[in-house]
There are 4 protein chains.
Amino acid sequence: MTPSRRAPDNARRNESTRQAILNAALELVSEVGYAKLSVEGIAARAGAGKQTIYRWWPSKGAVLFDALLALSGGQEGETGELPDTGDLEADLRAVLRATADELNDPRYSEPMRALTVEVLVDPDLAADYQQRLEEPVREMKRRRLRSAQDVGQLSPGVDLDVAVDMIWGPVRSRWLHRDGPLTEEYVDVVVRTALQGLRAPDIPEEALGDQGAGRVDSRGGDGG
Amino acid sequence: MTPSRRAPDNARRNESTRQAILNAALELVSEVGYAKLSVEGIAARAGAGKQTIYRWWPSKGAVLFDALLALSGGQEGETGELPDTGDLEADLRAVLRATADELNDPRYSEPMRALTVEVLVDPDLAADYQQRLEEPVREMKRRRLRSAQDVGQLSPGVDLDVAVDMIWGPVRSRWLHRDGPLTEEYVDVVVRTALQGLRAPDIPEEALGDQGAGRVDSRGGDGG
Amino acid sequence: MTPSRRAPDNARRNESTRQAILNAALELVSEVGYAKLSVEGIAARAGAGKQTIYRWWPSKGAVLFDALLALSGGQEGETGELPDTGDLEADLRAVLRATADELNDPRYSEPMRALTVEVLVDPDLAADYQQRLEEPVREMKRRRLRSAQDVGQLSPGVDLDVAVDMIWGPVRSRWLHRDGPLTEEYVDVVVRTALQGLRAPDIPEEALGDQGAGRVDSRGGDGG
Amino acid sequence: MTPSRRAPDNARRNESTRQAILNAALELVSEVGYAKLSVEGIAARAGAGKQTIYRWWPSKGAVLFDALLALSGGQEGETGELPDTGDLEADLRAVLRATADELNDPRYSEPMRALTVEVLVDPDLAADYQQRLEEPVREMKRRRLRSAQDVGQLSPGVDLDVAVDMIWGPVRSRWLHRDGPLTEEYVDVVVRTALQGLRAPDIPEEALGDQGAGRVDSRGGDGG
DNA sequence: GGTTAATCGAGACGGTACGTCTTGTCTTTGA
DNA sequence: TCAAAGACAAGACGTACCGTCTCGATTAACC
């Protein structure tokens, strides 16, 4: 895109100030929570002027978004791939356990929850989020499921977006709404159930390995 | 509970003022959105004093919660039951279609989204919400699923909370995050998949009745 | 005047806060000068909210005006009279010496200079100043001079506004522009010189040529 | 003066940019008034960088001062002389009528008022103004009055600075404070009245009591 | 039925943060 | 090698709401 007449000139941007602002945003959101996060506070903590923030970001949500992206090291377009060992269930289990670990770490989880909530509320931010994070990630998930269809581990008639919803939806939901703890057992059961259905007879215990019983205590104290 | 020294005396409460405040809150949240909803604005619209609001509600989220409860006509404890015709899949289909209809009506949906988001963010409100709405409803869902287990329509080993997550989670998630439209086809596929699993071979078309193909176009324009 | 719907209700005004604001304004204008005087600073020093200032005054100049009025103890309409011992020159000398004393006291002089300058620059404030201070004082001066005309100490043909300008103009000018020190000697000479000019009998009309009468309508519309 | 280490090298100065800046300052001060005049605005209008202004002028007041000097065509030191036809009153009348004409022209008057006010408020600018404009002009006025003393049109005992104040003070005051219109009649009356006072023979010393001599040292260090 | 205590509309108050504006300095870039 | 362009830290502007706090003026309950 040709830089428009009014758009700030990215080349002149002070990178160290940008870093200071993103760090300040992350620190403050951890310390005081998103509701009490303020542009003034970020600027003060970063030793920056407020105008410098307003020059480059449209809202505090956008600052936090960039801060989290930088934290995940995730470079813009770079999506990567989900693991594909040929065993869909095992791969999904690994992926979701890793996700659960991240979501159980408050340093990452609390800012992430704040951002997620802000995205629900700010349509401009939502568009950005959708384009730069949500859609690439969802496509990555679809690719892994398509590959599973190719090798007959997933019904060929299944809509891949529905499949993504069935597998990742419950975990995201439980995390976001704090419906219960995100344990390894929980994600394992979700993966297995999504793939086999609730109606299916229980898998014999011996087939489960050390993942424990098919029935887990999935509800309990939140701890938070 | 004995009324404490400080608690306001419910008996003296002016009911018409209460109604005016709840109505004003609903109107304003539709007109300007939750972010721009303010206690001052509600008071002005309702022709009430700010103190009158602060006397009876701890936050604007709490006002909105009461407003939505009143809107749903739902009286406090009264839970009701999910339909139980003996056919679990048909019953769930009916329930979720009705839910989808509600969530597709912006008059109900937008304030509801606002409240849901506020609950994610305000722990005090969350506790109230959990106790007065979330838990009773979840128990109602669990009861229906338990009944299905009793008649062998659901695997006996399944954790009922996980089951609730598998069935309602994807729909709630898709609605809240605006991942795609909440069509009848979508909820039907979710119900069927949750019960049968993604791995299962496609159900023969003739068995589906007029619900259409097993594969639906579940993604597309949001419509909202 | 009936209080208009939107005007703040003076009865509810917190008098001690008002005093604190006026004091803070006076202190700050002495300490940092008018240019660096800020509404924020006044509010902070007074322990008041900014809105409280904006509720009651339209500008920092207006605050300072009220502060100086309060300082002079001058109650709104109450004008008082200049001394009238029967000796115009002696009376004027006494009055101007007292004025010079005030203007030589920086505690009064510096805020006064700031206000005077602001009046030159802010038309809204100027109107207020004109009505509440300037005009009543000028009328008081005119009254004293009129009385001198009655007893033959001032030429009957002299325009009283010109006379006021001739007597007080040089002093005000020298003070405001810091053209030199305001000593007793200076004001004495100004009084004597002005009166020698003003005391003289009218020049015969025929000697004036076409410059018109000795008495001109020297006051009137400003013309913008 | 030898250019100090820090002073910009005048030889390298871009004259057309300097002109553009002075013109922009004059235009803007007419359009928006001094209060809303900003260095940014001048730079933008002149197509110059802000730094170019800050390099050559210490403040926006200094820019305006130079702009007005350039407008009056007045070259730095060049003072000129007041007319001297031998008739003091006629000469003063002519000079003050011309002054009044200038002050009645808003194109000149409004920037001039702005500058005058700024001089009252900015000591650095005041020093410059005093040295480059005020004092040379006052000396010019003194010269004319001294010449009048020599031919007996002005009392020999009169302090020339007081005389200048008596003649020009009321006009400057009336203009600056918008006390009334600056008509030909007004300036004529001021001149006549002032001269009648100043022309009079000195009052015998013994009549003055202890107020001291008729001639006072009315000028001197400001002390501030 | 009169007393009395709480609620009500209203809105001032001390605050915090907003998003904008300007200042004066520093940095990059293009001619 | 200079000047335009403009990013930057700083901080005031005037506005919007926050949640608390008086005010009188109704109510409503209890004597």
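Here is how names work: the chains are called A, B, and so on, in the same order as the sequence lines, proteins then strands, and each is numbered from 1.
Using a 4.0 Å cut-off, some side-chain N or O of Trp56(C) falls inside it from OP1 or OP2 of dC13(E). Look at Thr17(C) and you'll find a side-chain N or O under 4.0 angstrom from OP1 or OP2 of dG14(E). Note on Arg12(B): every side-chain N or O is 4.0 Å or more away from OP1 and OP2 of dA5(E). Residue Ser59(D) places no side-chain N or O under 4.0 Å from the OP1 or OP2 atom of dT23(E).
Computed from coordinates, the Tyr34(B) OH to dC17(F) C1' distance equals 14 Å when rounded to whole Å. When rounded to the nearest whole Å, the span between CD1 of Ile42(D) and C1' of dT22(E) equals 12 Å. The CD1-C1' distance, from Ile21(C) to dA12(E), rounds to 11 Å in whole Å. Here dA7(F) presents its P atom at 16 Å from CZ of Arg18(A), a figure rounded to the nearest Å. Spacing between atom NZ of Lys36(D) and atom C1' of dT20(E) amounts to 13 Å, rounded to whole angstrom units. For the pair Arg55(D) CZ and dA5(F) C1', the interatomic distance rounds to 13 Å; values are reported in whole Å. The OH atom of Tyr54(A) sits 13 Å away from the P atom of dC21(E) (whole-angstrom rounding). Atom CD of Gln51(C) and atom P of dC18(E) are 17 Å apart (whole Å).
If you check every strand for non-hydrogen atoms under 4.0 Å, Trp57(D) touches nothing. Counting any heavy atom pair closer than 4.0 Å across all strands shown, Gly47(C) reaches sugar-phosphate atoms only and no base atom.
For Lys50(A) against dG19(E), a side-chain N or O and a base N or O form a donor-acceptor pair under 3.5 Å.
Residues Val121(A) and Tyr34(B) fail the side-chain proximity criterion, which asks for heavy atoms closer than 4.5 Å.
In the set dC13(E), dC8(E), dT15(F), dC8(E) carries the atom at the smallest distance from any side-chain atom of Arg13(B). Of the listed nucleotides (dC8(F), dC8(E), dG19(E)), dC8(E) has the atom at the smallest distance from the side chain of Thr52(B). Closest approach to the Val39(A) side chain among dT29(E), dC17(F), dC18(E) is made by dC18(E) (side chain taken as heavy atoms from C-beta onward).
Taking the centre and axis of the six-membered ring of Trp56(A), the NZ or CZ atom of Arg18(A) falls outside the cone set by 45° and 6.0 Å.
Minimum interatomic distance between Val32(B) and Leu37(B) (heavy atoms only, all atoms of both residues): CG2-N, 4.1 Å.
The main-chain N or O of Met112(D) is found under 3.5 Å from a side-chain atom of Thr116(D) such that the two form a donor-acceptor pair.
Residue order along DNA chain E, read from the 5' end via each residue's closest nucleotide, puts Gly49(C) first among Gly41(A) and Gly49(C). Positionally, the nearest nucleotide of DNA chain E for Asn14(C) lies more toward the 5' end than for the other of Glu40(D) and Asn14(C). Between Ala48(D) and Leu37(B), the residue anchored nearer the 5' end of DNA chain F, judged by the nucleotide with its closest heavy atom, is Ala48(D). For the pair Ser38(C) and Glu15(A), both in contact range of DNA chain F, the more 5′-proximal nearest nucleotide belongs to Glu15(A).
The environment of CZ in Arg107(C) is sparse: at most 12 heavy-atom neighbours from other residues, nucleotides or ligands sit within 6.0 Å.
Among Leu71(C), Leu22(C), Ile21(C), the one residue that satisfies the side chain to side chain contact (heavy atoms under 4.5 Å, CB included) test with Asp66(C) is Leu22(C).
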